[in-house]
Undergrad: 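Questions regarding the structure given below will be posed in turn.
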Protein chains: 2
Amino acid sequence: MAGLAGRALDAALSKAGARVAAADERLTDSRRRVLELLLKAGGPVKAYDLIAAYGQGGAKPPTVYRALEFLERLGFAHRLESLNAYVACPRSGEVHAAAFLICECCGATVEIEPGVADRVERAAGAHGYSLRGLTLEARGLCPACRTGDGH
Amino acid sequence: MAGLAGRALDAALSKAGARVAAADERLTDSRRRVLELLLKAGGPVKAYDLIAAYGQGGAKPPTVYRALEFLERLGFAHRLESLNAYVACPRSGEVHAAAFLICECCGATVEIEPGVADRVERAAGAHGYSLRGLTLEARGLCPACRTGDGH
DNA sequence: CTTTCCCTGTTACGGTATAACATCCTGAGG
DNA sequence: CCTCAGGATGTTATACCGTAACAGGGAAAG
């Protein structure tokens, strides 16, 4: 799943720590641990898998959900609504609208930048709405699964 | 919530019946009942609210979830992933990619046609993905809630 | 008539998420 | 040093969302 490990993981975590500090927030143990698990996975992870993998016999649900909420708020992670899963954000620490391609066959996901925010913004304006967040999840088949190399 | 009632509701239901028949499917009692509840609500409804409102002491979850699955498959309803809720589709019976504006304050939703499918398709193609379905949900404030008239 | 296929009913369960409250740090100000 | 306010965490319990698995029923085709 292209997850991080070793030096790259450490680098990503310390970079995250710096960004969190710059935002006058704290990267506490539980937040750091959850981010680490998301980065290691390199793909979507279910909340209860994080809970189980947390260590020392696991964590309680609120611990992990609070960490996820924090990571989302600061732009280190996204929630995939259509999968009930969470994923580390490749553009960690920069708040932005996320868009995903999700393979219906193997679950592989890619975060993309389709540049649709402006069009949605216009459509919202036409209905008098002001926009504050965007969820865009496209389901399909990844290259491997299209050709049968999948899984 | 702009829900349907009386003649308009009857008309919508019989139109749905015709479309279902044209698709060589059956609009059974439970399917018709769930569609009726969605149309009456005129907005997003939670599955368990449908279960409670179903009548005769309510229905069992599988009954309602099966009906919802059917209605989605035929394009009569959509699931709002970010709300865990379901909504009747204004373009009932025509399968299409849905996009929604959702008010974070009062929950009002509008189905829009932002015309982004082509852009997402291109972005998917660039990553080798073939597209089969699209979820687009924009959160913001509706006109009433922006001006404080909300609720 | 009977076979087939789809739809439904029912029980039970598993996965997802949060409420509510107690506790504990940590940093600012006295 | 003290203490006090605010955020973060720990803990228990519970509510909500969705589905598996299997039995039964009913209409249409042969």
Side-chain angles (χ1 to χ4, degrees), chain A residues 16-17 20-38 41 44-74 76-87 104 107 135 137 139, chain B residues 16-17 20-38 41 44-74 76-87 104 107 135 137 139:
Chain A
V20 167
D24 263 320
E25 301 268 5
R26 283 186 283 160
L27 188 61
T28 59
D29 286 348
S30 61
R31 291 165 177 179
R32 185 185 177 89
R33 177 74 180 126
V34 170
L35 177 56
E36 182 187 356
L37 290 170
L38 288 176
V45 191
K46 302 281 215 167
Y48 272 68
D49 291 340
L50 293 172
I51 289 168
Y54 188 90
Q56 317 294 86
K60 303 290 172 55
T63 299
V64 168
Y65 280 104
R66 286 167 181 158
L68 288 169
E69 181 188 17
F70 171 86
L71 294 172
E72 252 196 290
R73 185 159 52 81
L74 269 73
F76 292 103
H78 297 291
R79 174 177 161 78
L80 293 171
E81 303 284 355
S82 56
L83 298 181
N84 286 356
Y86 302 83
V87 64
E104 289 182 325
T135 294
E137 297 174 14
R139 284 168 300 287
Chain B
V20 169
D24 263 317
E25 300 269 5
R26 282 185 285 160
L27 188 61
T28 59
D29 286 348
S30 61
R31 292 165 177 179
R32 185 184 176 88
R33 178 73 179 126
V34 170
L35 178 55
E36 183 188 356
L37 290 170
L38 288 177
V45 191
K46 302 281 216 165
Y48 273 66
D49 291 340
L50 293 171
I51 289 167
Y54 189 91
Q56 318 294 86
K60 301 290 171 58
T63 301
V64 167
Y65 279 103
R66 285 167 181 158
L68 286 170
E69 182 189 16
F70 172 86
L71 294 172
E72 252 196 290
R73 184 159 52 81
L74 269 74
F76 292 103
H78 297 292
R79 173 176 162 78
L80 292 171
E81 303 284 357
S82 56
L83 299 181
N84 285 358
Y86 302 83
V87 64
E104 289 182 324
T135 293
E137 298 174 15
R139 284 167 299 288

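Letters A, B, ... are given to chains in the order of the sequence lines, protein chains preceding strands, and every chain is numbered from 1. Note that the coordinates shown come from a computational prediction; the quantities given were computed from them, not determined experimentally.
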Undergrad: What pairs with A23(B) under side-chain contact (heavy atoms from CB on, under 4.5 Å), at least two apart in sequence or on another chain?
TA: E25(B), L74(B)
Undergrad: Starting from P on dC6(C), measure out to CG on L27(B) and report it in whole angstrom.
TA: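 Checked: the CG to P distance equals 18 Å.
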Undergrad: Whole angstroms only, please: what is the CZ-P distance between F70(B) and dC6(C)?
TA: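 Going from CZ in F70(B) over to P in dC6(C) covers 13 Å.
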Undergrad: Among residues at least two apart in sequence or on other chains, which ones pass side-chain hydrogen bond (donor to acceptor under 3.5 Å, both in side chains) with S82(B)?
TA: E137(B)
Undergrad: Between dT26(C), dT8(C), dC7(C), which one does the side chain of R26(A) approach most closely?
TA: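 Looking only at side-chain atoms, R26(A) lies closest to dT26(C).
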Undergrad: Take the protein atom NZ of K60(A) and the nucleotide atom P of dC21(C), then report the distance between them rounded to whole Å.
TA: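 Value for this atom pair: 18 Å.
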Undergrad: Would you kindly give the CD1-to-C1' distance between I51(A) and dA17(C), to the nearest whole Å?
TA: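 Whole-Å distance recorded here is 9 Å.
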Undergrad: Could you check whether any side-chain heavy atom of L38(A) comes within less than 4.5 Å of a side-chain heavy atom of L68(A), counting everything from C-beta outward?
TA: yes
Undergrad: Do the non-hydrogen side-chain atoms of I51(B) and T63(B) ever get within less than 4.5 Å of each other?
TA: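 Of all side-chain heavy-atom pairs linking T63(B) with I51(B), none is under 4.5 Å.
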Undergrad: Holding to side-chain contact (heavy atoms from CB on, under 4.5 Å), I want the full list of residues that pass it with A85(A), two or more places apart in sequence or in another chain.
TA: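 Per chain and number, A85(A) pairs via side-chain contact (heavy atoms from CB on, under 4.5 Å) with P44(A), K46(A), L83(A).
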Undergrad: With sequence neighbours excluded, give me every side chain to side chain donor-acceptor pair (under 3.5 Å) pair touching residues 26-38 of chain B.
TA: R33(B)-E36(B), E36(B)-K40(B)
Undergrad: Calculate, to the nearest 0.5 Å, the distance between atoms CG and CG belonging to L27(A) and L71(A) respectively.
TA: 7.5 Å
Undergrad: Can you name the closest pair of heavy atoms from A16(A) and L35(A) and give their distance?
TA: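 So the two residues come closest at CB-CD2, 3.6 Å.
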Undergrad: Give a yes/no answer on whether the side chain of S30(B) brings an N or O atom under 4.0 Å of OP1 or OP2 in dT8(C).
TA: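 It does, given that an N or O in the side chain of S30(B) lies less than 4.0 Å from OP1 or OP2 of dT8(C).
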Undergrad: Using a cut-off of less than 4.0 Å, is there contact between a side-chain N or O of T63(B) and OP1 or OP2 of dG9(C)?
TA: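 Checking T63(B) against dG9(C): at least one side-chain N or O falls below 4.0 Å of OP1 or OP2.
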Undergrad: Mind running a 4.0 Å heavy-atom check of residues 79-86 of chain B against DNA chain D and sending the residues that fall below it, in number order?
TA: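 Of all residues in residues 79-86 of chain B, the ones placing a heavy atom under 4.0 Å from DNA chain D are R79(B), N84(B), Y86(B).
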Undergrad: Any chance you could measure Y48(A), atom OH, to Y54(A), atom OH, to the nearest 0.5 Å?
TA: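 The distance works out to 15.5 Å.
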Undergrad: Taking only N/O atoms, report every protein-nucleotides 18-20 of chain C pair under 3.5 Å with atom names and distance.
TA:
residue	atom	partner	partner atom	Å
dA20(C)	N6	R66(A)	NH2	3.4

Undergrad: Which heavy-atom pair separates V20(B) from F70(B) by the least distance, and what is that distance?
TA: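 Looks like CG1-CZ, 4.0 Å.
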Undergrad: Please identify each residue that fulfils side-chain contact (heavy atoms from CB on, under 4.5 Å) with E104(B), with sequence neighbours left out.
TA: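 Per chain and number, E104(B) pairs via side-chain contact (heavy atoms from CB on, under 4.5 Å) with R132(A), R139(B).
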Undergrad: OP1, OP2 of dG15(C) versus side-chain N and O of K46(A): anything below 4.0 Å?
TA: no
Undergrad: Taking heavy atoms of chain B and a 4.0 Å limit, find me the 5'-most and 3'-most nucleotide of DNA chain D within that range.
TA: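 Listed 5' to 3', the contact boundaries are dC17(D) to dA21(D).
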Undergrad: Contact class for E69(A) vs. all strands (heavy atom < 4.0 Å): base, sugar-phosphate, or nothing?
TA: nothing
